[in-house]
Number of protein chains: 2
Amino acid sequence: MTSTEPQAQQSGVRPTKQRLAVAAALEATAGFHSAQEIHEQLGGSVGLATVYRTLTMLADAGDVDMMRNEDGEAIYRRCSGTHHHHLVCRSCGHTVEVEGPAVERWTNAIAAEHGYADVSHTLEIFGTCRDCR
Amino acid sequence: MTSTEPQAQQSGVRPTKQRLAVAAALEATAGFHSAQEIHEQLGGSVGLATVYRTLTMLADAGDVDMMRNEDGEAIYRRCSGTHHHHLVCRSCGHTVEVEGPAVERWTNAIAAEHGYADVSHTLEIFGTCRDCR
DNA sequence: ACACTTTTGACAATGGTTCTCATGCTGAGT
DNA sequence: ACTCAGCATGAGAACCATTGTCAAAAGTGT
Ligand SMILES: [Zn+2]
Ligand SMILES: [Zn+2]
Ligand SMILES: [Zn+2]
Ligand SMILES: [Zn+2]
């Protein structure tokens, strides 16, 4: 390995102002938001295609959480890095992050019991919050 | 009350041949299928719109289970009437219905604890089955 | 057969998401 | 600071699952 070899020029994920804007928008707002909502919230200053691309990247990188609402639309939210689930208000969207060791244990046990490996799961809880009652 | 009064003529959900065909298609095949797949499986003998309408009805009536694949598309499957969840193989799609009283209890408790009412939830477990390992 | 309601299906219309590609920027090297 | 290759952007087209429209077809009770 020649020491002169440049570090392969690692492609690059550039911190462009658009990407920063999308990330900031997620920081600024609570709850889950669709790509279109973020696009609007930014006053259209960031192209819709770019918003979609950025959100997909962030989600793949694990920096944001992506889930689907009941209509199957993708919605995103800045989340803590640890594994958790959501309790979402059907009416106002207010979201609470919840953890459930019991559930994690249960899913793993059930999966193992049936011979399934590489287990993952999705769990979302929907309801109507106090303020919307 | 005049005896001539017809019993309110209760509209009716007619067991048309199209509806029966869709239901039969679900019976015949294992695993989850999209509306379009069912439409094709029926050789287009049942209009796509009708397939969609029928599946929606069946799902609302609780006769079939609807979930969304990772692309957000709706997929349906004939299921037992009781509330349950699925353990799905990412590779071959083989599905196992699982029940988890503990999970049900946990979600309700968590929701109540945070003041949420009318609670519902979605929980799917993904993994690789023994045959696909 | 008649009057009336439900259902169907071809096709149009929606709407979220992705693709295209010409143009804009960035950044490393000079 | 200047250059150039390549990543990034965005306007709009393209996709595609799903829903809406509505006239024709089928079913129901009399
Ligand atoms: Zn609420
Ligand atoms: Zn979990
Ligand atoms: Zn399998
Ligand atoms: Zn459950």
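First the proteins, then the strands, lettered A, B, ... as listed; each starts at 1.
Taking every side-chain heavy atom of B:R19 into account, C:dT7 is the closest of C:dT7, D:dG10, D:dG20. For B:A49, whose side chain is taken as the heavy atoms from C-beta onward, the closest listed nucleotide among D:dG10, C:dG9, C:dT5 is C:dG9.
Nearest heavy atom pair, residue A:L20 against residue A:P15, reads CD1-O, 3.7 Å.
To the nearest angstrom, P of C:dT17 lies 10 Å from CD of A:E37. Per the geometry, CZ belonging to B:R14 stands 6 Å off P belonging to D:dT28, to the nearest Å. Protein atom CG of B:L48 is 18 Å distant from nucleotide atom P of C:dT7, rounded to whole Å. In this entry the distance linking CD of A:Q36 with C1' of C:dT14 reads 12 Å, nearest Å.
The ring-ring contact (aromatic ring centres under 6.0 Å, His included) contacts involving residues 23-74 of chain A comprise A:F32-A:H86, where partners must be two or more places apart or lie in separate chains.
Along DNA chain D, the nucleotide nearest B:Y52 and the nucleotide nearest B:K17 are compared for position; the residue whose nucleotide lies closer to the 5' end is B:Y52.
Note that OG1 of B:T122 is 6.5 Å distant from CE of A:M67, once rounded to the nearest 0.5 Å. Separating the CD atom in B:E124 from the CG atom in B:N69 is a distance of 11.5 Å, to the nearest 0.5 Å.
Distances shorter than 4.0 Å separate none of the side-chain N or O atoms of B:T16 from OP1 or OP2 on C:dT7. Regarding contacts with the backbone of C:dT7, every side-chain N or O of B:Q18 stays at 4.0 angstrom or more from both OP1 and OP2.
Within a heavy-atom distance below 4.0 Å of DNA chain C, the residues of residues 38-46 of chain B found are B:S45, B:V46. Remark: B:R53 in residues 53-74 of chain B come within less than 4.0 Å of DNA chain C through at least one heavy atom.
Applying the salt bridge (Lys or Arg N to Asp or Glu O under 4.0 Å) rule to B:E97 yields the partners B:R77; only residues at least two apart in sequence or on another chain are considered. For A:E27, the salt bridge (Lys or Arg N to Asp or Glu O under 4.0 Å) partners are A:R78, not counting sequence neighbours.
Looking only at atom types and distance, the side chain of B:E104 has a donor-acceptor partner in the side chain of B:H121 under 3.5 Å away. If you check the side chains of A:T56 and A:R53, you find no donor sitting under 3.5 Å from an acceptor. Looking at A:H94 and B:H114, their side chains never bring a donor and an acceptor atom within 3.5 Å of each other.
At least one donor-acceptor pair under 3.5 Å links the side chain of A:H84 to the backbone N or O of A:T82. The closest donor-acceptor contact from the side chain of A:E40 to the backbone of A:E37 lies at 3.5 Å or more, if one exists at all.
An angle of 30°, rounded to 10°, separates the two end axes of the helix from C:dA1-D:dT30 to C:dT30-D:dA1, each defined over five pairs.
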